[in-house]
Structure formats: C-alpha cells, structure tokens
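Here the structure comes first, spelled out in structure tokens, and everything after it is commentary.
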Number of protein chains: 2
Amino acid sequence: MGTTKTDIHSIDTIEVAQVAKVLAHPARVAILKYISEQEGCICNDITEEVGLSQATVSQHLQVIRDAGLIQGNVKGKSVCYCLSKSNFDQFSVVMDQFFKGLLK
Amino acid sequence: MGTTKTDIHSIDTIEVAQVAKVLAHPARVAILKYISEQEGCICNDITEEVGLSQATVSQHLQVIRDAGLIQGNVKGKSVCYCLSKSNFDQFSVVMDQFFKGLLK
DNA sequence: AATCATCATCGTAATATTGCAATATTACGA
DNA sequence: TCGTAATATTGCAATATTACGATGATGATT
C-alpha cells in the first residue's frame with residue numbers, strides 16, 4: 001500500500017491527476033510563476049525567490065521538467081529555464097476540459 | 001521535514017496548490033466524474049465503479065468534501081453525494097486564471 | 001592548476017498519503 | 001429489539017513526498 005492504484009482508471013482520469021499532481025505543491029506553482037514572469041529564464045535566483053534550499057528547488061524543478069512544462073538551457077555555468085508553452089498549453093486544456101465536462 | 005512549507009508562499013500560490021491537490025489522485029478525479037454523471041447523486045455504487053475498497057473510497061470522499069466540492073445528503077441509510085457546483089466553479093476559475101496568467 | 005560558482009544528485013530524516021481490514025455508527029425493516 | 005445495509009472511523013503497513021546537507025560534476029575565473 002501507499003502506492004496509488006492506476007490500472008483501475010481511464011487514461012483521461014489519470015491524465016488529469018498527473019497534471020494536477022505537478023501543481024499540487026506551492027513551491028512548484030511559485031517556480032512556474034517566477035519562470036514565466038522572467039519571460040526568458042534565469043535560474044539560481046529561483047532558490048532565493050522561493051525561499052527553499054538549492055537542493056529542494058532542484059528537486060521540484062526536476063518534477064516540473066519531467067512533466068515537460070519547462071526546458072533548461074545550459075549557458076555556461078548556469079542553467080536557464082523557460083516555460084515550454086505548448087506543453088503548458090496542453091496542460092491547460094486538459095484541466096479546462098475536465099472542469100467543463102463536469103459543469104456542463 | 002516531509003512537511004510542505006507554506007508560510008513562504010503567497011495566498012494565490014497556495015490556493016492553486018490546494019485545488020490541484022484535491023485533483024491529484026485518479027480515484028478522486030474518477031469519483032468526481034462519476035458523481036457528476038449521475039446528475040443527482042448515488043453513493044455506495046462509487047465503491048464498485050471506482051474499484052477500491054469502501055474504506056478507501058470513503059477516505060477520498062472526505063478529502064473532496066473537506067475541499068467543499070461535494071455535498072452529502074443523507075437519505076435513509078444511504079448518502080447521496082452531489083457536486084456543489086458553485087464551489088467547483090470557483091475551483092475552475094482558480095486554475096483557469098493560473099494558466100492564463102502564465103500563458104499571456 | 002587551483003578556486004569558485006552553479007547546478008544536479010545522493011543519502012537520509014521527517015512527515016504525508018494510500019489502501020485495506022476491522023470495527024464503529026446510523027438508519028431502516030422485520 | 002435484532003439483524004442488516006450503508007457509511008464512517010480507526011489502526012496499521014507500505015510507499016511517496018518534502019526538505020536539506022553533503023558530495024559531484026562542469027564551466028568560468030584567477
């Protein structure tokens with residue numbers, strides 16, 4: 001136990017849950033907001049902005065990256081993160097359709 | 001550790017994360033879908049529909065109820081759950097604004 | 001080369017979540 | 001009142017998540 005049962009549910013259902021899971025932590029929401037505000041990217045500053053240790057921020061960044069919401073471009077010693085808008089847009093659609101589906 | 005730091009983030013950020021957290025489990029997404037499909041309500045059937053034990057479903061229902069997304073009306077020995085559309089609509093707005101804010 | 005800055009990863013402690021069996025609880029019908 | 005059906009709650013085991021210090025890896029600076 002402790003493991004989420006996934007084989008029970010439809011693809012659609014799982015997709016909504018996966019999208020939501022990425023946004024289910026305030027640090028990840030804050031990181032996404034910050035990255036998008038900086039238009040381009042920036043990186044180490046996230047640690048300062050968010051108020052968590054570098055290791056923790058890096059972990060959250062990995063979750064967001066694995067979900068395909070951001071891209072990291074290496075620039076010398078620093079890494080520039082920026083939104084992958086198309087994927088983010090898809091996330092938006094998934095959630096939107098879920099809400100609309102239930103509210104119709 | 002293991003605890004999410006919340007005092008660091010803005011109200012808006014925390015709100016998005018809280019909404020997302022409710023939807024971050026496929027069982028809860030499935031339950032919400034099922035309840036809304038049944039227009040009115042129904043209840044014990046959820047257990048069968050979702051494929052988890054009664055205890056587990058009841059737990060998930062509590063999470064959804066605590067978030068204010070559903071209401072349970074007692075009808076004899078069974079409980080009829082139905083969406084509280086206004087709250088659900090608010091959830092929808094929170095997420096929508098988050099996505100729109102980042103994509104603009 | 002030696003050092004520093006930036007980031008990722010590893011290891012680990014603390015806590016949260018998931019899932020279920022067992023056990024209440026509540027309401028109804030016999 | 002007894003039995004039963006429908007839910008909720010409790011207690012627990014398994015696993016996941018969160019957070020951070022320490023350690024690597026890599027490129028820049030001296």
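These figures come from a predicted structure and were not determined experimentally. In the text below, chain A, chain B and the rest are named by the order of the sequence lines, each starting its count at 1.
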Measure [atom1]/[X] against [atom2]/[N] and give the value in whole Å, please.
X: A/Ile31; N: C/dA8; atom1: CD1; atom2: P; value: 11 Å
X: B/Leu23; N: C/dT17; atom1: CG; atom2: C1'; value: 16 Å
X: B/Ile64; N: C/dT17; atom1: CD1; atom2: P; value: 15 Å
X: B/Asn73; N: D/dA6; atom1: CG; atom2: C1'; value: 15 Å
X: A/His9; N: C/dT18; atom1: NE2; atom2: C1'; value: 12 Å
X: A/Ile46; N: C/dC7; atom1: CD1; atom2: C1'; value: 11 Å

Which nucleotide, [options], lies nearest any side-chain atom of [X]?
X: B/Lys77; options: D/dA8, D/dA5, D/dG27; result: D/dA5
X: B/Gln62; options: D/dT9, D/dC20, D/dT18; result: D/dT9
X: A/Leu52; options: D/dC20, C/dG19, D/dA8; result: D/dC20
X: A/Cys43; options: C/dC7, D/dA8, C/dT9; result: C/dC7
X: A/Ala55; options: C/dA8, C/dT9, D/dA8; result: C/dT9
X: A/Lys21; options: D/dA6, D/dT17, C/dG19; result: D/dT17
X: B/Ser78; options: C/dT6, D/dA6, C/dG19; result: D/dA6

Would you tell me if any nitrogen or oxygen in the side chain of [X] comes within less than 4.0 Å of OP1 or OP2 on [N]?
X: A/Thr56; N: D/dA19; value: no
X: A/His60; N: D/dT17; value: no
X: A/Asn44; N: C/dA5; value: no
X: A/Tyr81; N: C/dT6; value: no

Considering heavy-atom distances to DNA chain D, does B/Leu61 or A/His25 have its closest nucleotide positioned more toward the 5' end? B/Leu61

Nearest 0.5 Å please: distance from the [atom1] atom of [X] over to the [atom2] atom of [Y].
X: B/Phe88; Y: B/Ile35; atom1: CZ; atom2: CD1; result: 10.5 Å
X: B/Ile14; Y: A/His25; atom1: CD1; atom2: NE2; result: 10.5 Å
X: A/Gln62; Y: A/Ile64; atom1: CD; atom2: CD1; result: 11.0 Å

Checking A/Leu32 against A/Ile70 for the side-chain contact (heavy atoms from CB on, under 4.5 Å) test, could you report, in this order, the C-alpha distance in whole Å, the side-chain angles of both residues, the deciding distance, and whether it holds? CA-CA 8 Å; A/Leu32 282 166; A/Ile70 55 176; 4.0 Å; yes

Reckon [X] touches a base, only the sugar-phosphate, or nothing at all at heavy-atom distances under 4.0 Å?
X: B/Ser53; result: base
X: B/Thr4; result: sugar-phosphate
X: B/Thr3; result: sugar-phosphate

What does C/dC28 pair with, Watson-Crick or G-U, if both distances are under 3.5 Å? D/dG3

Can you confirm whether A/Leu23 sits close enough to A/Arg28 that some side-chain heavy atom of one is under 4.5 Å from a side-chain heavy atom of the other? no

Indicate yes or no: at least one non-hydrogen side-chain atom of A/Tyr34 is less than 4.5 angstrom from one of A/Val50. no

N/O donor-acceptor pair, side chain B/Gln54 with base D/dA6, under 3.5 angstrom: no

Base D/dA8 paired with B/Gln59 side chain (donor-acceptor, <3.5 Å): no

With nearest nucleotide decided by heavy atoms, which residue, A/Asp45 or A/Thr6, maps closer to the 5′ end of DNA chain C? A/Asp45

